[in-house]
Amino acid sequence: MAPQKQEFPESKHGIMAAVPQTFNPDWHALRSERFDPVSLWERLGEDLELLTELVEILMLEGPATLEQIKTAIEGNDADALSKAAHRLKGSVLQFSAITASAKAAELETMGRKNSLTGANELFQQLQFEIGWLIKTLKTMLASGPA
Amino acid sequence: MSTSVIESQQVKTFRVLLVEDNPLDVRLVLRLLEPLNQGVPCRHVTRLSDALTELNREKFDVVLLDLNLDDSNGFDTFLAVREAATSAAILVLSGSESVELAIRTVREGAQDYLVKGSFDQKLLLRAIQYALERKASEDALRKSEATVRAIFESSLDGILIWDDNCDCLQANAAAAALIGVPREELLGTSVCSFAGVGLNIDVRAEWNKIRDCDSARGQLWIERSDGGRRLFDYSFKSNIQPGKHLGVVRDITEQQSLEEQLRQSQKMEAVGRLAGGVAHDFNNILGVITGYAELMMMNTLEAEQHKKAEQIISAAEKAAALTNQLLAFGRKQVIAPRLINVADVVSGLKSMITCLMSAETETVLDLKEPLKMVNADQSQLEQVVLNLTTNARQAMPAGGKLTVTIDEIENQAGGLMPDGHYVRLTVTDTGIGIETEHLSRIFEPFFSTKPTGTGLGLSTVYGIVKQSGGFVTVDTDLGHGSTFRVYLPAVEGSSPQVQTNPAVKPSASDGSGTILLVDDEDRLREAVREYLEIRGYKIITARNGQEAVEVAEACPGIDLMITDVTMPRMNGRRLVEHMRKARPAMKILVMSGYADDEKVRMGFLELESFVQKPFSFQALSAKVYALLHPDAP
């Protein structure tokens with residue numbers, strides 16, 4: 001039996017897609033090795049509403065997850081560390097936060113390998129990166145698209 | 001919950017389950033999927049246990065799966081979902097960029113592995129689309145494979161797959177059964193180890209030749225593990241996959257045997273028709289010779305000439321006996337079948353059989369009293385027994401053992417012999433046996449391996465048995481002897497279907513009356529006319545049925561019509577039917593060398609109405625007299 005051909009609408013041109021908005025040239029200034037606002041804007045389909053929602057979630061979930069990581073490190077709970085770091089890594093990956101996701105990945109690996117030496121310093125760095133990311137994203141939202 | 005897409009003005013619905021515990025990822029993915037679902041969100045759960053519940057409750061088309069959940073982690077998550085979501089396409093959405101994990105999940109059935117942060121809406125939707133298509137293809141392939149597997153396993157034909165080296169890679173149950181080895185033993189075994197036995201051929205070379213063909217069909221002999229040889233029809237298709245070759249085999253041993261029996265039967269039928277035809281014509285000639293010899297005896301007073309005429313008649317009678325055997329083979333002999341006990345017939349011949357055997361031969365008659373009778377001509381059956389025992393005697397020039405048995409069998413094996421009850425006459429000798437190349441010809445007339453044989457003994461047996469509705473078989477073991485088996489259909493009841501014709505006592509009395517004589521054989525017709533005229537009858541002749549009708553219309557005072565059966569223009573059967581209506585008072589006497597069904601249906605086998613060619617004119621005259629003078633003493 002031949003498989004049924006199933007056509008999908010093309011992403012943002014679908015009937016429910018948000019109206020695309022234009023990238024704000026000021027955002028280029030935010031681009032660095034730590035963060036890629038161009039990639040983020042494109043992946044979210046140039047959807048400010050969605051970006052706003054995601055940032056709001058990050059502002060809620062990010063500190064909470066950081067707290068879980070901190071607790072896991074303090075309790076020497078490698079498994080909890082691995083899970084929480086993995087979760088935060090996934091979240092910041094969606095924001096094209098390169099450095100933050102790398103730090104989270106390192107902590108996840110530490111947890112998986114049950115080797116928490118240096119985890120506190122790494123946590124500090126991650127906490128800083130998350131703070132920086134939220135601040136940067138707020139800046140993006142404040143300036144808005146062009 | 002359903003999602004849908006627009007395609008050619010038609011809404012297609014896809015049921016999507018998102019298994020994700022990260023609120024941020026959930027919001028993102030649901031938003032990216034919005035073009036699919038027309039505002040209706042897909043089903044979303046955060047735990048594996050909830051996912052399994054949903055999958056057990058509802059059938060989903062797509063599962064978007066994060067591997068790291070509160071209650072499950074990594075590859076185990078995937079295995080659990082795969083188990084429950086057999087009909088869904090599973091796409092892994094992972095925060096892990098582990099290539100190893102990606103390969104492992106895809107190899108084990110995930111349709112795709114997407115790393116978070118690396119896909120946008122376009123990529124996600126396309127991945128889902130491709131996943132659905134791949135899943136549909138895989139399902140179709142799986143169904144097709146299941147169908148092929150079912151055919152493979154349930155086929156009555158043997159199906160085998162070989163590699164280039166002729167070693168068996170796969171075989172179905174039928175193949176193993178046909179070849180007579182367990183399937184496990186067949187696998188890895190070369191076909192060369194059991195094919196082509198006794199054929200003195202290089203099976204390996206044959207295999208290489210066949211393998212290089214695109215396809216081939218043929219037959220080959222197989223030697224089974226039990227030593228039995230079977231003939232297979234095979235069809236072969238090379239390279240159904242590179243280096244894999246398909247063979248389908250069917251055991252046609254029985255079919256081949258039946259076909260050979262049928263061919264032999266048809267050949268014998270044709271030879272029988274030919275022999276019967278020759279005998280018929282020959283009988284007409286013998287009738288003329290006998291008739292004129294009898295006329296000579298009537299017309300001459302010289303003793304020397306009388307004696308010579310007697311010699312002519314004697315020689316003609318011997319020739320008639322020979323043609324009678326040909327008629328028996330051709331099943332054209334006039335018979336008088338009745339219900340008889342075969343054991344009684346053989347018992348009656350016991351002394352004769354013993355006399356036939358040499359002093360060095362032990363004769364054993366094992367005559368179990370059959371419960372059932374057979375419908376046959378007793379004299380013919382006697383001839384069958386004598387011919388078979390004579391044959392056995394000749395096969396044992398240095399003596400041996402002759403065994404004649406009678407029993408009953410129930411045939412349920414099908415084949416050329418219909419199922420049913422048979423009385424079986426078996427004649428076994430311990431003689432020289434029959435050469436294989438002679439076996440197919442021993443029932444042919446004039447075929448003989450003996451310098452002095454007529455070649456009519458077994459052909460007569462064959463004809464008589466066939467005429468009696470029976471079958472004859474032979475088994476032989478060269479140097480050890482032969483066994484002939486005659487199967488005659490058993491008949492329930494005891495009343496004969498046709499009464500025996502008592503012998504006609506010839507009368508030399510001169511008679512009177514007008515006779516219409518109809519025969520297309522001019523010389524025989526003239527001889528009979530001359531003889532009957534001498535006997536005092538007025539004879540009118542006709543050369544066929546049509547002429548006889550015309551003559552009869554012109555001559556109302558005809559008392560008796562003597563007619564042949566096989567004639568041009570109007571045959572004897574139609575002539576008799578006509579005369580029975582047009583001249584109901586006229587007596588009718590039919591003469592023929594045949595005794596086929598047509599004659600029997602005409603009802604001429606009763607005492608006074610039929611005379612078999614060749615006949616003596618004296619006997620004919622007696623029948624004529626009896627018909628025209630029924631009240632005479």
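Treat the numbers as computed from the prediction; the structure is a model and nothing was measured. The basis for the numbers below is simple: all heavy atoms, side chains too, and nothing from hydrogens, waters or symmetry mates. Just so we're on the same page: letters track the sequence lines, and every chain starts at 1.
Nearest heavy-atom pair across A/Glu42 and B/Asp120 is O-CB, 4.4 Å.
Ranked by heavy-atom pairs under 4.5 Å with chain B, the first of A/Glu56, A/Lys89, A/Glu108, A/His86 is A/His86.
Residues B/Leu28 and A/Gln94 meet the side-chain proximity criterion, which asks for heavy atoms closer than 4.5 Å. Inter-residue side-chain proximity for B/Gln121 and A/Arg43 is flagged as unmet; no heavy-atom pair is nearer than 4.5 Å.
The pair A/Arg87-B/Asp21 meets the salt-bridge criterion, with a side-chain N (NZ, NE, NH1 or NH2) lying under 4.0 Å from an Asp/Glu carboxylate O.
Of residues 114-133 of chain A, not one residue has a non-hydrogen atom less than 4.5 Å from any non-hydrogen atom of chain B. When the heavy atoms of residues 106-117 of chain B are compared with those of chain A, the residues falling under 4.5 Å are B/Lys116, B/Gly117, listed by number.
For B/Leu156, the CG atom counts as loosely surrounded, since its 6.0 Å shell holds 12 or fewer non-hydrogen atoms of other residues, nucleotides or ligands. For B/Arg183, the CZ atom is densely surrounded, since the number of other residues' heavy atoms within 6.0 Å is greater than 12. Residue A/Arg34 places its CZ atom among more than 12 non-hydrogen atoms of other residues, nucleotides or ligands, all under 6.0 Å distant.
A side-chain N or O of A/Ser91 and one of B/Asn22 form a donor-acceptor pair less than 3.5 Å apart.
Once rounded to the nearest 0.5 Å, the distance linking CG of A/Leu50 with CD of B/Glu34 reads 8.5 Å. Interatomic distance, CG of B/Leu24 versus CG of A/Leu54, reported as 5.0 Å (0.5 Å rounding). Here the straight-line distance linking atom CD of A/Glu53 with atom CG of B/Leu30 works out to 10.5 Å at 0.5 Å rounding.
Looking at B/Leu67, there are no atoms closer than 4.5 Å to chain A (heavy atoms on both sides), in backbone or side chain.
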